[in-house]
Each structure stands twice: as C-alpha cells, then as structure tokens.
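Every chain is numbered from 1, with letters handed out A, B, ... down the list of sequences.
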2 protein chains.
Amino acid sequence: MAASLKQLAAASGYSINTVSRALRDKSDVNPKTKEKIRTLASELGYVNNNVAKSLRTGKTNTIGVISADSSNPFFAEVILGIENTARQFGYHILLTNTEESPEREREAIKILLGKQVDGLLLMPVLQQYGSCDYLKSLSIPYIIVGRWLPGLEDHSVISDEYEKAKEATLYFIKNGHRDIVHLAGPSCVSSSVDRMAAFRDAHIETNTPLKEDMIIETKGHLEDGYHEVSSLIRSEKHISAIFAFNDLLALGALRALKENGIKVPKEVEVIGFDDLNFSKYLYLSLSSVSIPKKTMGNMAFRALLDHIENPKAPYTKKVLESRIVYRETTLVHEP
Amino acid sequence: MAASLKQLAAASGYSINTVSRALRDKSDVNPKTKEKIRTLASELGYVNNNVAKSLRTGKTNTIGVISADSSNPFFAEVILGIENTARQFGYHILLTNTEESPEREREAIKILLGKQVDGLLLMPVLQQYGSCDYLKSLSIPYIIVGRWLPGLEDHSVISDEYEKAKEATLYFIKNGHRDIVHLAGPSCVSSSVDRMAAFRDAHIETNTPLKEDMIIETKGHLEDGYHEVSSLIRSEKHISAIFAFNDLLALGALRALKENGIKVPKEVEVIGFDDLNFSKYLYLSLSSVSIPKKTMGNMAFRALLDHIENPKAPYTKKVLESRIVYRETTLVHEP
DNA sequence: TGCCATAATATTAACGTTAATGTAAACCCA
DNA sequence: TGGGTTTACATTAACGTTAATATTATGGCA
C-alpha cells in the first residue's frame, strides 16, 4: 500500500493537516516545513488518494463520456478532442459505449452518476419517451455532442449539418441528377434525421421527384454501404449519385461500384459525410462534408466545464461550421 | 444532492447499516424490510456513491487505459474490445492518451494511481531508462497491450507479429522483389522494432541485399505514408514493393503511387499491417497482416482481471495468432 | 421455565482526505 | 508591559460507505 498522509505525518512529526496543507502549497505552512514534507513525500512515494479527496471535496475531476461506438473514426476523433482538452484542464474521462442502445445509455448514465462524475458528455439516441425526462432530472451538467434531443437543443454542441446536407443534395440536383440514393444512418440518431430531412427538402424545394426507395436506412457501418449498394446494383435500379450519411458508408459504396465496373464520378457521383482522416487519401479521394471533429470535442468539453464551474449558467446551443470538400468522387470540384 | 444512505435511513426508520445491507441484498435483513427500503430508494432516486464505497472497500472497479492515440483505428478497436469486456465484468475505463510521449506516459500512470484504479492497461513506448523500473515498482497489476518492454515480456498480450512480418517480407523476396521499401513506425515502439527486425532478418536469411535507405522511419500516420512515398518517387529511386508498418501508412502510400501513375500490384506490390476495418473495402483492397484487435483488447482485460482478483498469480506472456490476408495489392492471393 | 440459537437490527469504527476551528508562541507597537 | 495581531501549527469533524461487533427480540427445545 502506498503511503498516506497519516504515514507522512507520523514520519515527519507534523500533523496530518499540516502535511496535507504543505503538499497543497497552502499559505500558513512554513516554507521550510513544506520543503521537508515534500522531500519526505517523494521519498516515500506518496500519491494523493483522489478517491478520498473526491469524497471530501465532492469533486472527482472526472467526466463521463457516453459514445455510441468509440471505434467509429468519427467518434474516435471527437473523443480524442474531448480527452485532450479535458486533460489540459485537469480532468479525465470515463469512456463507455452504448452501440446506440437506449437501455445501455441509461445504464451508463446511472453508473457514471454513481461514480460521481462532475459532468456528462453524451451522444444519445432519440427515444419515444423517457430519455429526455431522465436527462432533464440530472443534477450534474451534461452536454450533447454532435447530436440533439428534442427539448434539449440548448445542451448541444453540433455542426450545421442540415444546411450542408441540403447543399450537397442541391449540388447533385443542379448537376442534373434525378436518381440520387441516400444511404441514411439509423433513424434513432438525430444527425441521421437531419441529413435525411435535408435530402428530402432539397428535392421538395427544387420540385425534384424523389422515390422513397432511394432512401435506404442503415446502421451507418462500412459493410452496410457495400451491401446496400451491391444489392441496389443487382436489382438494376438506376443510380446516378450517392449521398451517404457518413464516409464509412460512402467507402463501402465506392467499393461496390468499383466491383461492378461503375465509374466514379463519371457514372455515379458520391458525397460522404464527416470527412474522416483517410477520406482524402483514398484511391478516389472522397468528397465529403467536413466536420471539425476535434474542435467539436474540444468545445463540448469546454462547454461542460463552464457548467461545472458555474452550475447556474444557462445552456446555449453551439453550432460549428462545417464545409463541403469536393474531391475526386464528384465531377465539379469548385461548384 | 442525490439521496444518501443517511437520508434513506432517516426516511425509513432503519439504521444506515440496515439500509446499506438491504440494498446490497445481504442475508440477515428481513425480506419485507428489503422490499420497503428498495422501493423507498427508487422513490428518492438513491444512487450508491461509488467514491465512498471505493474509499471504504479499496476497490474502484475502474482500470486505467493508457493509449498512444485513441483515434488511431488500431488502438480504437483494441480499446473497444477492452471497454466491452470490462463493462461485462462490471469495470469501467479511464482513458488517456500519450501520443508516444514518455513524459505523458509517466504523468498518466501517476494520475491514474492517484485515482486508485484497480489495474492498468498500457501501450508504452520503449525508453532508454526509467520506464521499466517505474512500472516494476507499481503496486497494482498491469498488462502491456500489443507491445512489449524489455524485462517485462510476461506482462504482454501481443500478436505474433515478428513471424508474420517476416512472412510478408519473404513473400516479396520470393516473388523476385529486390527493391522493397519498409515504411517503418517509430523506433520507440516495440511493434515497430519487431516488424523492422523481421524485415531485415528476412533479407539476411535469404541473402538478399538490403539497402539501408529503403527503411524509412515514420510516426506511422497516414500523411507519412503519402509523403514518404511521394518523395521516394520524386527521387526516382526504384521501388517494387512496399511493406508498411501499418495500414494507414499503406493507404497513404497507395495514394502516392496512384497519383504518380504507378500500377498496384503490377508495378508495386503493397502489404500493410493491422488489417483495419476499412482495408478490405478500399478501391484496391489492401493485403495486410490481420491482428485480432478486439480479441486482443478482450484478452488484455481478462488477463488484467485475473491479476486484480489474484494478485499473487505469476504473469505469463500471451501471444495471439495473426494471419496475412492477401488481397488486391499483392499479385498472388494464395501464396 | 430457563437456556441457547437464531433472526433482525443497531452501533461503532474506519477508509484518506480537507475545511473549519482552536491554540500557542512570537512579534509589534503604543 | 500588556493588548492585539500574526505565524505556524494541531485538533476535530465530516464526506458516504462498509465491516466488525454489539444488541435485542423471538422461537425452539429439553
């Protein structure tokens, strides 16, 4: 067992409190005493027990991060941004994944509350009922990252994805595409809802007919993009453009197109979403909506920290600007 | 502030201890009492304070995970495996990144010790001095994931990468390649050391001359692969095959080759390492050494748990089998 | 009936820390 | 020289939990 304040006190002859104050560099301890105690502490390998400290102070300097899937490069990048910023401010993160399951989300919240985290950063799924009320009753601050929940919009740090999704769709429509496939994400994810709505609205606003079977809901995984587009091609449905909910789907789609000898961007143009690190290094560098992922993580943590330090502060929605990068999977590079 | 045992005790008329024992379903509490206390607890929204519990029991049910870069898909996948398994066993993870910096590694260990984690899972960098001694003096169990440290080999959960790196290199040599570039990882990372050694040894054992400037040390990032191969091509050095330390480097390399009109695999064959999720969906599906990443995370946690539950148990090195998947960036698919 | 076992609960102490309060000596100046 | 201030420490209590121990009532049995 590592040394405790009690042992340092015994060894130094000072009281526990003096040792504690010395190590925390408080004012009314003699500099010489501080010095003596500090050397002793490092000799004995003293490590402050944060569990005890947290119990006493009511602060853990730990936040909970509830992600859907931390191995998804989008989340991974956001989480990296969170972790980096958190560490700079002396916070650490307890990471847990839900795989978009509402049950696991609640479970995670409960456990993290039990662990007395100072705040929560979460990427929640939309739910019929329950979730919001549950969150609203939380006594600790929380920020929703890259998503929104109805009635809790002010808790979000998010990108302007509706606008950019519409812009991407309009790009296709303006370029004459009439058979645009939307590889959508899960309907329980707000970003998927937004991007799909934008896709629809772009059609409506331009009076472009939209066949419902061109919207394909997926889980947003690599394989989904590949399989959905493969079977689309097999069914001999005409496709002239693909707007993917994320770059993973787009990548899967590109592979399916290639395997079927369909030329990108000549025969089919593709735009993805998220602009993952690898997207611009692909054989055909992928046109995508670029979301500042690390910045999003950074801002989310800072927003959370604000509320941790100032619990009465009102929440305000923060919107990050994203931009479409037109690369080799689209014909026009500067539309 | 959420309800505490004290408040439950006051509200129920029972003592704190009885409430505590009731909620933990201990034997000598009357079933009816348990029932009453439990309903009361859920009415008042009682959440067990794990900080207090940990202080009392000396267990946090939390482990520290020290990764180099959790946004690197390899680590992200391993970490997902860790987190999933940990959660199943009632553990949670405190995640922190070092970006391969020894200082940040020590810093992280110190902080996590302060947070009283029950064990440590780490991907450490090789160091001239210090690191090992520091780890050896740790009083909590620790497992090294996907890497090794001299003198601490028994703490590792690792793959048979030396063998597979040699096999990959031998594949190139046997196919007549004499100008094989090795895009190496950082020299402070054991896996990079192993893969590079295997690359050398394959040359030595087959009496194949190896030019030193064909081994290029990088940080293992996507951009590195792209830039190094680009400048290699610019320098008009002849390349006939590329063995990359990881798939990110390979992806960057592939892009550089494509931009320069070099045909893969006809003119240059490429083998990567890690077999990331997206590798087989690339335009040219990438030949790679497939490491069971989630399994590695899973096994690492279980090994750690073994030592948490049984601190005297001796450590034993665990080696996972990897295998080379020959895809479209190599000429022969079943060598 | 008296004794012992058992069931059900209460009391006490402790985990390691910090904050609030207490105390004693030294110092200062009128 | 004696009152108050300052400096440097010590003491006490508390955070919320759990484990060990103590207590009380109840039931069974000889």
Atom CD of A:Gln116 and atom P of D:dG16: how far apart are they, to the nearest Å?
9 Å
Would you confirm whether B:Ser70, through its side chain, and A:Leu80, through its main-chain N or O, come within 3.5 Å as a donor-acceptor pair?
no
Considering only side-chain heavy atoms of A:Thr57, which listed nucleotide, C:dC15, D:dC9, C:dT18, is closest?
C:dT18
At under 4.0 Å, does any side-chain N or O of A:Thr18 touch on OP1 or OP2 of D:dA10?
yes
Nucleotide nearest A:Ala52 when distance is taken to its side chain, options D:dA10, C:dG16, C:dT18
C:dG16
Main chain of B:Ser190, side chain of B:Arg147: is a donor-acceptor contact present, judged purely on distance under 3.5 Å?
no
Using a strict threshold of under 4.0 Å (side-chain N to carboxylate O), is an ion pair present between A:Arg104 and B:Glu83?
no
Rounded to 10°, the angle between the first-five-pair and last-five-pair axes of the helix from C:dT1-D:dA30 to C:dA30-D:dT1 is 60°
Could you run down the sub-3.5 Å N/O contacts of the protein with nucleotides 20-22 of chain D?
{"unit_1": "D:dA20", "atom_1": "N6", "unit_2": "B:Asn17", "atom_2": "ND2", "d": "3.4"}

Does B:Arg38 form a salt bridge (charged side-chain N to carboxylate O under 4.0 Å, His left out) with B:Asp25? I'd like the steps, not just the answer.
CA-CA 10 Å; B:Arg38 280 207 204 111; B:Asp25 206 20; 3.0 Å; yes
Any pair with a residue in residues 306-316 of chain A that passes salt bridge (Lys or Arg N to Asp or Glu O under 4.0 Å), sequence neighbours left out, goes on the list, sorted by first then second residue, please.
none
What is the distance, rounded to the nearest whole Å, between atom CD of A:Gln7 and atom P of C:dA14?
15 Å
Output the rounded distance in Å from NZ (A:Lys26) to C1' (C:dA20).
13 Å
Compare all side-chain heavy atoms of A:Met123 with those of A:Val78 and state whether any distance is below 4.5 angstrom.
yes
How do B:Ile16 and A:Ser27 order along DNA chain D: which one's closest nucleotide is nearer the 5' end?
A:Ser27
OP1 or OP2 of C:dT18 under 4.0 Å from side-chain N/O of A:Asn49
no
Write down the distance between CG (A:Leu8) and P (C:dG16), rounded to a whole number of angstrom.
12 Å
In this structure, how many angstroms lie between the P atom of D:dA10 and the CG atom of A:Leu5, rounded?
13 Å
Can you list every pair that meets salt bridge (Lys or Arg N to Asp or Glu O under 4.0 Å) and has a residue in residues 41-50 of chain B, with sequence neighbours left out?
none
So B:Gly114, base contact, sugar-phosphate only, or nothing? Heavy-atom distance under 4.0 Å.
nothing
Would you indicate, yes or no, if C:dT11 has its OP1 or OP2 atom less than 4.0 angstrom from a side-chain nitrogen or oxygen of B:Tyr14?
no
Side chain B:Arg56 and base D:dT17 donor-acceptor under 3.5 Å:
no
Below the 4.0 Å mark, does C:dA19 have OP1 or OP2 next to a side-chain nitrogen or oxygen of A:Arg24?
yes
Using a cut-off of 4.0 Å on non-hydrogen atoms, how would the nucleic acid contact of B:Asn50 be classed: base, sugar-phosphate, or nothing?
nothing
Output the rounded distance in Å from CG (B:Leu55) to C1' (D:dA19).
14 Å
Examine the side chains of B:Arg24 and B:Ser20 and answer whether a donor and an acceptor come within less than 3.5 Å of each other.
yes
B:Leu113 atom CG is separated from C:dG16 atom P, nearest whole Å, by 15 Å
Separation of C:dC27 atom P from A:Asn30 atom CG, nearest Å, is 13 Å
Could you verify whether a donor N or O on one side chain and an acceptor N or O on the other, from A:Thr62 and B:Lys115, lie under 3.5 Å apart?
yes
Residues pairing under salt bridge (Lys or Arg N to Asp or Glu O under 4.0 Å) where one sits in residues 59-78 of chain A, two or more places apart or in two chains, turn out to be A:Lys59-A:Asp118, A:Glu77-A:Lys294
Looking only at D:dA19, C:dT18, D:dC9, the nucleotide nearest the A:Val29 side chain is D:dC9
Below 4.0 Å: OP1/OP2 of C:dT18 and any side-chain N or O of A:Ser20
yes
Is the phosphate of C:dA14 approached by A:Lys6 (side-chain N or O, under 4.0 Å from OP1 or OP2)?
no
Scan A:Thr33 against the nucleic acid and name what it touches under 4.0 Å (heavy atoms): base, sugar-phosphate only, or nothing.
sugar-phosphate
Test of understanding: with ring pair (Phe, Tyr, Trp, His ring centres under 6.0 Å), list the residues that count as partners of A:Tyr315, not counting sequence neighbours.
A:His155, A:His307
